[in-house]
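Residue numbers run from 1 in the order of the sequence given. Counting convention: from 1, in listed order, for ligands and their atoms alike.
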Amino acid sequence: MQSIEHIRYISTNRHLPGTGFSEEVSFRQALFDGLAPDGGLYMPTTAPTLSSDEIVQFSGLSYSEVAFRILTKFLAEELALEVLEEICAAAYDFPILIETLDRETSLLYLDRGPTASFKDFAARFMALTMNAMKEKDELITVLVATSGDTGSAVGEAFCGMEGFRVVILYPEQEVSHIQRAQLERIGENVQTLRVDGQFDDCQRLVKQAFLDQNLASLNLTSSNSINVGRILPQIVYYFFGWANLAREGDQLIFSVPSGNFGNSLGCEFARRMGLPVERLILAVNDNDEFPQFLSSGAYISLSPSRQCISNAMNVGNPSNLARYFDLYEGHLFPDGTVGQTPELSAMKENLWSASISDEETRRTITRTFEQYNIMLDPHGAVGLAALQRYREKGFKGQAIVLETAHPGKFPDTVSSILGQSVEAPPSLVHMMKRPPSSDRLSCDYEQFRQYLLDQP
Ligand SMILES: *Cc1c(COP(=O)(O)O)cnc(C)c1O
């Protein structure tokens, strides 16, 4: 019944004359490399396809079973099926809820994992897969620069896993107090560094460590969304949402609150694999470089990025845009310079994008609460507002909006908008009972290197 396709991973920079890495590597290598040797992002050579029968049959299956059936298509050559099945069951043991707002609009809640954001879906799968694929006696150091949600998701996913040390860097001034509490209460094999700087500084320190030959013995790896191991599990919930709401022949619209564009990329792959997607809406905050690009054809990244209340989406040059360019026959350099403009008309057929201001985000949170008694977090609110904008343009159709975090992760923001207190998700209540621990770091690379070498 299962057809196994031969899938390899290639760099988005493979075409670059002289410097491009043109080899095809295994998933395992792409997973542990993080970035390709030429600084490009790994892409699967092909998208495996599912028949409409296979997709329709997902209806009624558990999330972990759907995950297993989809991820098998990518990994059957590299992981034993029983192992993959166990990974999916262990990774997805929390509820995934769907709530209907009106006849045409539903919310898909991806916020019930251990750290209450959708980042749990990819982080848990990636940690378990790395654990299954690594050499037995190897000690691996996972470095994560985070603007809030990635760090805690990755830290919790690796917490207590033998053979891994995780070092998280976060900008002290740029995260909500709940996010900070989460980052500092993981413990065991996970160390948290409060960096006296911005998210960009954290990312710079991590990048520098990767290039540092003195750290070769630490087996550094990255779990930021540049890692293709984080993209594959994000394909699954689009199929799951569709199968629970649609019937054969239906096309659905997905609206995805977006920052680095890794989440939405899962939907782009899902469509290429056969999921009937009418339109993928990339909902962004004031960081509007992508909607500007779609309308003008000229890509101009923003630096520094604009600060908005949907803080996980304050990204002025989305790292996964290079993958979108690649899928549409273009090329984008990591610094945001365009090498080859992608096929804009094909892009516009599948993608739509809108920039939502903080004011509109607040209004959407208020309106949704008044109308449906549903509390959105600021990121999900950007997603719903973008869908509403899309409909104002005259487009019709049934839609799913992704709720990417629990409102209880942003209690100050949400309670000041609604004028009432916001309940914390159960996983956070549990976590707050643990003692906090973190170390302080300046933006100085030498100090960071010493820290990595000193404390195995
Ligand atoms: C990370 C994050 C996003 C943005 O996702 P990308 O994959 O970077 O586009 C949106 N919402 C929340 C709550 C997040 O943590």
Side-chain angles (χ1 to χ4, degrees), residues 41 107-123 126 144-157 170 174-176 178-179 182-183 199 203 223-238 254-270 280-291 305 308-324 351 353-356 361 365 375-386 401-411 413-414 425 428:
L41 305 190
L107 287 170
L108 176 61
Y109 283 92
L110 305 175
D111 63 341
R112 303 298 151 103
T115 68
S117 88
F118 85 91
K119 303 287 200 306
D120 286 323
F121 284 78
M126 193 173 150
V144 201
T146 184
S147 58
D149 293 329
T150 296
S152 55
V154 170
E156 289 291 346
Y170 81 88
E174 291 181 8
V175 303
S176 83
I178 296 284
Q179 287 173 319
Q182 286 184 300
L183 287 163
F199 173 59
Q203 261 190 318
S223 53
N224 283 89
S225 66
I226 50 164
N227 195 311
V228 75
R230 275 191 49 188
I231 304 297
L232 301 189
Q234 293 178 169
I235 294 170
V236 175
Y237 35 74
Y238 298 96
F254 286 92
S255 183
V256 185
S258 296
N260 265 321
F261 289 15
N263 193 0
S264 66
L265 200 67
C267 186
E268 174 70 27
F269 277 118
L280 165 56
I281 300 177
L282 294 127
V284 299
N285 58 24
D286 279 340
N287 293 280
D288 62 353
E289 63 281 357
F290 187 69
S305 58
C308 301
I309 57 172
S310 45
N311 69 351
M313 296 169 17
N314 294 339
V315 181
N317 182 27
S319 47
N320 282 292
L321 199 50
R323 288 193 165 112
Y324 274 102
L351 311 176
S353 187
S355 159
I356 304 298
T361 307
I365 291 176
M375 236 184 232
L376 288 175
D377 100 292
H379 305 81
V382 169
L384 183 58
V401 178
L402 270 51
E403 174 54 306
T404 49
H406 194 284
K409 276 195 105 159
F410 310 92
T413 308
V414 177
L428 296 196

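- Judged purely by distance below 3.5 Å, without hydrogens or angles, the side chains of Glu174 and Asn314 never pair a donor atom with an acceptor atom.
- Between the side chains of Arg323 and Asn320, at least one donor N or O lies within less than 3.5 Å of an accepting N or O.
- Counting heavy atoms under 4.0 Å from ligand 1, residue Lys119 touches it through the side chain alone.
- Here is the list of ligand 1 atoms found below 4.0 Å of a heavy atom in Pro257: 4 (C), 10 (C).
- Residue Ala312 places no N or O, backbone or side chain, under 3.5 Å from any N or O of ligand 1.
- With a 4.0 Å heavy-atom cut-off, ligand 1 is reached by the backbone of Asn260 and by its side chain too.
- Atoms of ligand 1 lying under 4.0 Å from at least one heavy atom of Ala405, given by number and element, are 13 (C).
- Atoms of ligand 1 found under 4.0 Å from any heavy atom of Thr404 (numbered from 1 in listed order, with element): 10 (C), 11 (N), 12 (C), 13 (C).
- Taken from CE in Met375 to NE2 in His406, the straight-line distance is 9.0 Å, to the nearest 0.5 Å.
- Of the protein's heavy atoms, Phe118 CZ, 3.4 Å lies nearest to atom 5 (O) of ligand 1.
- Met313 has its side chain out of reach of Pro378: every pair of non-hydrogen atoms, C-beta onward, lies at least 4.5 Å apart.
- Here the heavy atom of the protein found nearest to atom 4 (C) of ligand 1 is Gly259 N, 3.5 Å.
- Every atom of ligand 1 with a heavy atom of Asn263 under 4.0 Å away is listed here by number and element: 7 (O).
- A distance-only check finds no donor-acceptor pair linking the side chain of Thr361 to the backbone of Ala381 [under 3.5 Å].
- Each of the following atoms of ligand 1 lies closer than 4.0 Å to a heavy atom of Gly262: 6 (P), 7 (O), 9 (O).
- Classification of Lys409 and Asp149 as a salt-bridged pair holds, one side-chain N sitting under 4.0 Å from a carboxylate O.
- Under the side chain to side chain contact (heavy atoms under 4.5 Å, CB included) rule, Gln182 has a single partner from Pro114, Ser176, Ser152, which is Ser152.
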